[in-house]
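Every chain is numbered from 1 and lettered A, B, ... according to where its sequence line falls, protein lines coming before strand lines.
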Amino acid sequence: MNRRNFLTGLGAATVAGAWATSRATEPRRSAPSPTVPSRFPNIVLRTQDDKAVRFYDDLIRDRIVVINMIYTRCQGLCPAMTSNLLRVQHLLGDRVGRDVFFYSVSLKPEQDTPQALKEFATAHHVGPGWLFLTGKPEDIELLRKKLGFTYDDPVEDADKSNHVGMVRMGNEPYMRWAACPGLSAPTWLAKDILLELDGPTRSAVKTS
Amino acid sequence: MNPRSTPPHPSKARLKAIEDAARNRRELIAAQLSRREMMKMGLLTAGGMLVAKAGLSARAASADPGSSNLVSPPTTPFKVPLPVSTPIDLRTGSSHTVSLLSPAPTVAPNVAAGEGRQIPQQALLAYPPEYAYEVHEREAQHSFHPELPVQTIWGFDGQCPGPTYLASYGSPVLMRMHNDLPPLDQRPIGGFGRSETSTHLHNGHTPSESDGNPMDFFGPGKFYDQHYPNIAAGGDRRERMSTLWYHDHRVGFTSQNVYKGLTGFYLLFDEDDCGDETRGFRLPSGAFDVPLTLADKVFDSDGNIYFDLFNLDGILGDKFTVNGAIQPFFEVHPRKYRFRLLNTGPSRFDELYLTDLDQPGTSIPLHQISADGNLLPTPLAGDHVRISVAERCDVLVDFSQFKPGARIYLENRLEQKNGRGPTGKILPAGEGDLVMRFDVTLPRVEDASLIPAKLRDFPDVNLAQVVNTRTWRFERRNGAWTINGKSFDPDEVRASVKQGTAEIWIFQNNSGGWQHPVLVHFEEFLILSRNGQPAALNDHRKDMARLEFNEEVKMFMRFRNFHGKYPMHCHNVVHEDHDMMLRWDIVA
C-alpha cells in the first residue's frame, strides 16, 4: 500500500477502522449461524457424588441450566445464596432435574473435595437435579472466566471472599443467557426460569 | 478466527491483537505517514504510542480470551452516506388514520384476534386515537458497512434503526406492534436476542399498559396495541416534549435486543416546535432536522455483530454507528441544521464535539436546544454536549461558518475504558472517536430558520405539593447491582405514589467507581440540585439522571394523568438487564 492510497482510504480514521484496507476487499463469508461450544469448555468436573462429568457434553448441551459459583467454607454469601436457590428449587418442584438443572461450581476447588461438597449439599437439604461441582483449579478458573463470574479489576477479582454472586440462567440450544443476583427474590427467580422453560410453547401457540 | 468456534486458548485473541498492531505499524511505516499526520488522524498519542481502540467489554483482559478483547475487522471510515429514512407522519393526511386499522383498537385486550396485551387501556376513550400505524418487528438483512457482510438484525419494519415517527400534541396515536420475530424455539441468528418484546416509548407521558413495561412483553405471532395520548403532563404546555425514542424493554434481554437493532425515534411537535422553519420557534425543519442514533458495536472476525452474553459490567464497541452505518459521512448545505442526538449505548458515555482536523485547536460553536425530551428555555451556546446511554440532546449547527468543502467531524472525546463509566478525561481534539463526518459540499440554499432567543419555559417547582421524600441508593454488592440493597423483583412495589401528588426523590451513587445513567419512566422530573449545587440549565428538566462517581441528585417529581406500574432503572442496559431496576406504582 502506498502513502497516497493509505491516506485516501483512511480519511481521518480510528485505528481499528484504519488497518489493511486490502484485507477488507477480500470476499467475506456471509453470516453463518455460529455454534458456541468454545464458550463452554468441555472440562472434566467431579460431582458431590464423586462422579466425573464433562461440563459441556454432560451438563450444558441441550439443556436449560442455572449456574452459580460458591465455596463451602464461605461464611457469608454462599450459604445465603444456596438457601435462596433451595427455595427456588422447591418452587419449581420436580421440574428441577427434568426440565432444568442447577449447578453450583466451587470457587475453591483445592478445598472443596467431592466429599466436602456432599456435606455442604446435605446440610442444605438440596434435592435432586442440583449438582455441586469441583475440578482441577486451572479448569475451574477457565470456566469462571468463560462464564463471566469475574471482575474487571484484578485486585477485586482475586478476592474470593467478595466473589460474584450472580446466578446465570441459560438455554444452550437457543443461546439464551441471562443473569440475576443470587439473592433475588426466589419467587422472581423461579418465575424467570419458568419463562424460559415454558416460553417457547407459550408463544408458539398463536391465538386465532 | 471466529471467537465463538475456536477452542479455548488463553492467548489467541491477544496474539491476534498483537499481530494486528504489528501489521498496523508496518503499514503506517510503509505509508510514510509523518508523526504529525498520524497525530492529526488520531492514530498516535502525543507520547508517541499508537492509540489502542480495541473492542472492549468491561470484563477486560482477565476474562474470556475469546471475546473480551475482540477487535472488529477494519472498515474504511466515511465511506457510507448517512442513512436517513423517510419519516412516518402521524400528524396529517389520510394514509395513517385510525379508521384504517382492522380490527379496530379495543379497551380490553383483543385476545381473540391475537393480541398479547393483558391489561385494559385506561385512556383510550378519553383520548381517542386519531392516527395509527402498524409496525412489524422482524428479522431483516442489514449492511453496517460495505466491507462487512450483509447480516441479520432485528428491526422495527426490518430497519435498523426503525422508522422515525412524527406525531403532534392533540393528536393521539395508536401504535399496533406486531411481533414477527423468529419463534422462541429457534436459535437466533448471531447467537443473541430474545424474540419476546415490549416496546418502551422513552419517555412518553404514557399510560402504564402502553408504556412498554419490561414485564409486558409478548411473543412472536402476536400483536400489542399501544396508545400514546400525546398530552402534556397535567395539561401544562410547558410539560411538552420533543425528542423521544422507542426501544425494546424485555426484562433481562433489553441490551441484546437493542443491540440487535430494536430502536427508533418518535418526534413530537406542536404549534411552536412545528416542523416549519417559517413559523413558531423557526427551528431548522424538514430535511434540515436530522435524527442521529449513535450506537457502538463490536464485530467478530467474520464481520458480524457480536454480543458478549456473559458480560456483567458493560459493553463498549470499537465501531461507531450512526443511523445503522459505521462512521458515515453526511453532505450538508452551508446553513443551519437541527441534529437530534441519541446515545443508545449499550454502555458508553459520549461527550461530543465538532472537530476540524485541519485546525484541531479551534473550538467550533453549536447551540444545545434541548435536554432529553424537552426544549430548554433558551438555547445554550457551547462547543460540546455530554450524553450517556438513552439521553438525548438536540443541537443547532450552522455550517455557513465553514468554507465550502470543509470536512467537520462529530467526535466523542470522552475517554472510557470499561463499563464502569468514563474516566472523565477529555481527549485532545482529533484523538477521540470520530463518529461521523459532515461534508460542507452542497450548494447554498435558503435558510429561514433561526437560533431563537427563547424556547420553552420550565414548569414550576411547587414544593407545597410535596407529600413524600424518598432516597434511592444505587449500589453494588458481589457484582450485583442494587437499589437500596435490593435487586429487581417485578412483584414487589418499591414505591407506591398517589396520582396527582408530588414527591422529592434523592438519588445517591454509592457504588464506588461506577457511573449510572438512571431513568424514571413516565414524567420528566426537575432536578433541584446536584451534589448540593443548583442544577445547570441543561441538567434541570430531564428524564435521565446521570449519576457520576459518588454523586447525589435531588429532584422534584410529579405523577399526573395516568396510573399503573412503572420501572426505574439504570440505563447502562447491561446493568439494567442484571436487575438494577425497581418497580414503582402510581395509584389512582
Q. How would you list, in number order, the residues of residues 177-188 of chain A that have a heavy atom less than 4.5 Å from chain B?
A. A:Trp177, A:Ala178, A:Ala179, A:Cys180, A:Pro181, A:Leu183, A:Ser184, A:Ala185, A:Thr187, A:Trp188
Q) Is the shortest distance from a Lys or Arg side-chain nitrogen in B:Asp308 or A:Arg39 to a carboxylate oxygen in the other one below 4.0 Å? A) yes
Q. Would B:Glu196 and A:Arg176 pass as an ion pair if we require N to O under 4.0 Å?
A. no
What do you reckon, is [atom1] of [X] surrounded by more than 12 foreign heavy atoms closer than 6.0 Å?
X	atom1	value
A:Lys51	NZ	no
A:Glu138	CD	yes
A:Arg73	CZ	no

Q: Identify the heavy atoms of B:Arg187 and A:Glu172 that sit nearest to each other, and give their distance.
A: NH2-O, 3.0 Å
(Q) Minimum heavy-atom separation for A:Asp153 and B:Arg420, please, with both atom names. (A) CB-NH2, 3.8 Å
Gap between atom [atom2] of [Y] and atom [atom1] of [X] - 0.5 Å precision:
X	Y	atom1	atom2	result
B:Asn418	A:Asp152	CG	CG	5.0 Å
B:Leu184	A:Asp198	CG	CG	11.5 Å
A:Thr150	B:Asn311	OG1	CG	8.5 Å
B:Phe310	A:Met166	CZ	CE	12.5 Å

Q: Before giving the answer on side chain to side chain contact (heavy atoms under 4.5 Å, CB included), spell out for B:Leu312 and A:Arg168 the whole-Å C-alpha distance, their side-chain angles and the decisive distance to 0.1 Å.
A: CA-CA 11 Å; B:Leu312 291 175; A:Arg168 297 238 174 242; 3.5 Å; yes
Under a 4.5 Å heavy-atom cut-off, does chain A meet the side chain of [X], its backbone, both or neither?
X	result
B:Glu492	neither
B:Phe329	neither
B:Asp577	backbone
B:Met215	side chain

Q: Against chain A, work out which of B:Arg477, B:Lys486, B:Lys79, B:His578 has the most heavy-atom pairs shorter than 4.5 Å and name it.
A: B:His578
Q | Check: A:Val164 main-chain N/O paired with B:Asn478 side-chain donor or acceptor under 3.5 Å | A | no
